[in-house]
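What you see below is based on every heavy atom in this structure, not just the backbone, and it leaves out hydrogens, waters and symmetry mates. By convention here, the first residue in the shown sequence is residue 1.
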Amino acid sequence: MSDGKAISTHETRRRIVHAGTELFRRSGYTGTGMKQIAEAAGAPFGSIYRFFPGGKAQLGEEVVRTSGAVHLELVTTLMAPYEDRVAATADAFAAAAGTLAELDFADPCPIATVALEVASTNESLRQATSEVFDSWIGHLAAYYAEGGIPEPVARRTASSVIALLEGAFMLGRAARSTEPVRAAGTAAAAIVRAAPAGE
């Protein structure tokens, strides 16, 4: 395969994953068809099955894992400069509220969308979403631990913060308001503030 063809093949696959991410986020996993994904990606319908012979479930797993890594990098980049873990947490929720509004209250997190829809019906997708959430909690716990919160308090704190964020996104979408995310940010900051005394 020539370098040009390899780049073209890689680009087509990337477009398919990106289209799947956007459509799953907006319309849900079950509400998105493979033809829609091919059209949004500007790719021949058959090419999806060339890259993802396992079909929609395999593509869904790729979307979950790829999106999970991207979201983790974004949050890590946002919070890393802060020495104050409480301020970092509060500002992360403020940024999340802004993102929700910018997306016109579409779900900013395809991982949660997929998890809610298929956790009880598709084991491979359930496992993928579980591993992504666990990676987020693990990285956030390490960040809190570096700031002086002892283990296992840091992990419990991180788990609570992620749960608050995901729940706030759901409430914010339903209300078409950023207020639930902002309120959850206040609660998350309070949990982080109290965490060192929690052991």
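- A donor-acceptor contact closer than 3.5 angstrom links the side chains of Thr89 and Tyr144.
- Side chains of Gln58 and Glu62: no donor on one and acceptor on the other come within 3.5 Å.
- Residues Arg26 and Thr113 form no side-chain contact, since every pair of their non-hydrogen atoms from C-beta on lies 4.5 Å or further apart.
- Taking CD from Gln36 and OG from Ser27, the interatomic distance works out to 6.0 Å, rounded to the nearest 0.5 Å.
- The shortest side-chain heavy-atom distance between Ile111 and Val63 does not fall under the 4.5 Å cut-off.
- Ala141 approaches Ala158 most closely through the heavy-atom pair N-CB, 3.5 Å.
- Atom CG in Asp134 sits 9.5 Å away from atom CD in Gln127 (nearest 0.5 Å).
- Looking at heavy atoms from C-beta onward, Leu59 lies out of side-chain contact with Tyr29 at the 4.5 angstrom threshold.
- Salt bridge annotation for Arg193-Asp84: absent, with no cationic side-chain nitrogen under 4.0 angstrom from a carboxylate oxygen.
- Minimum interatomic distance between Ala97 and Thr178 (heavy atoms only, all atoms of both residues): O-CG2, 3.3 Å.
- Both Met34 and Phe24 are assigned to one and the same hydrophobic cluster, defined by single-linkage of ILVMFWY side chains at heavy-atom distances under 4.5 Å.
- Closest non-hydrogen pair, Pro81 versus Leu78, comes out as CD-O, 3.4 Å.
- Under the 4.0 Å criterion applied to side-chain N and carboxylate O atoms, Arg65 and Glu61 are assigned as salt-bridge partners.
- Distance check, rounded to the nearest 0.5 Å: NE2 of His71 to CG of Leu74 gives 7.0 Å.
- Of the possible donor and acceptor atoms, none in the side chain of Thr76 sits under 3.5 Å from a partner among the backbone N and O of Glu73.
- Looking at heavy atoms from C-beta onward, Asp104 lies in side-chain contact with Arg176 at the 4.5 angstrom threshold.
- Side-chain contact between Arg50 and Thr9: present, with at least one pair of heavy atoms (C-beta onward) separated by less than 4.5 Å.
- In this structure, the side chain of Trp136 engages the main chain of Gly68 through a donor-acceptor pair within 3.5 Å.
- Side-chain contact between Phe51 and Val17 is absent, with no heavy-atom pair separated by less than 4.5 Å.
- Leu116 and Leu23 are assigned to two separate hydrophobic clusters, defined by single-linkage of ILVMFWY side chains at heavy-atom distances under 4.5 Å.
- Here the CG atom belonging to Leu72 is positioned 12.0 Å from the OG atom belonging to Ser67, to the nearest 0.5 angstrom.
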Inset, instruction - Go through the steps for Glu179 and Arg182 under the test salt bridge (Lys or Arg N to Asp or Glu O under 4.0 Å), then give the verdict. - result: CA-CA 5 Å; Glu179 181 54 32; Arg182 297 186 187 282; 5.6 Å; no
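- Under a 3.5 Å cut-off, the side chain of Arg15 and the backbone N or O of Ala41 do form a donor-acceptor pair.
- In this structure, Arg85 satisfies the cation-pi test against Tyr143, with its NZ or CZ atom closer than 6.0 Å to the six-membered ring centre and inside 45 degrees of the ring normal.
- Hydrophobic clustering (ILVMFWY, side-chain heavy atoms < 4.5 Å, transitive): Val64 and Met170 are in distinct clusters.
- Rounded to the nearest 0.5 Å, atoms NZ (Lys56) and CD1 (Ile48) are 11.0 Å apart.
- Residues Ile37 and Ala19 share a closest heavy-atom pair of O-CB, 3.7 Å.
- Between Leu100 and Ala106, the closest heavy-atom pair is CD1-O, 3.6 Å.
- Although no hydrogens or angles enter the test, the distance criterion places a donor-acceptor pair under 3.5 Å between the side chain of Ser47 and the main chain of Pro44.
- Here the side chain of His139 pairs a donor or acceptor atom with the backbone of Ser135 at under 3.5 angstrom.
- At least one side-chain heavy atom of Arg25 sits less than 4.5 Å from a side-chain heavy atom of Leu103.
- In the hydrophobic clustering of this structure, Phe105 groups with Val181; members are Ile, Leu, Val, Met, Phe, Trp, Tyr whose side-chain heavy atoms approach within less than 4.5 Å, directly or through other members.
- Counting heavy atoms from C-beta on, the side chains of Thr121 and Val118 come closer than 4.5 Å.
- Shortest non-hydrogen contact noted between Leu165 and Ala96 is CD1-CB, 3.8 Å.
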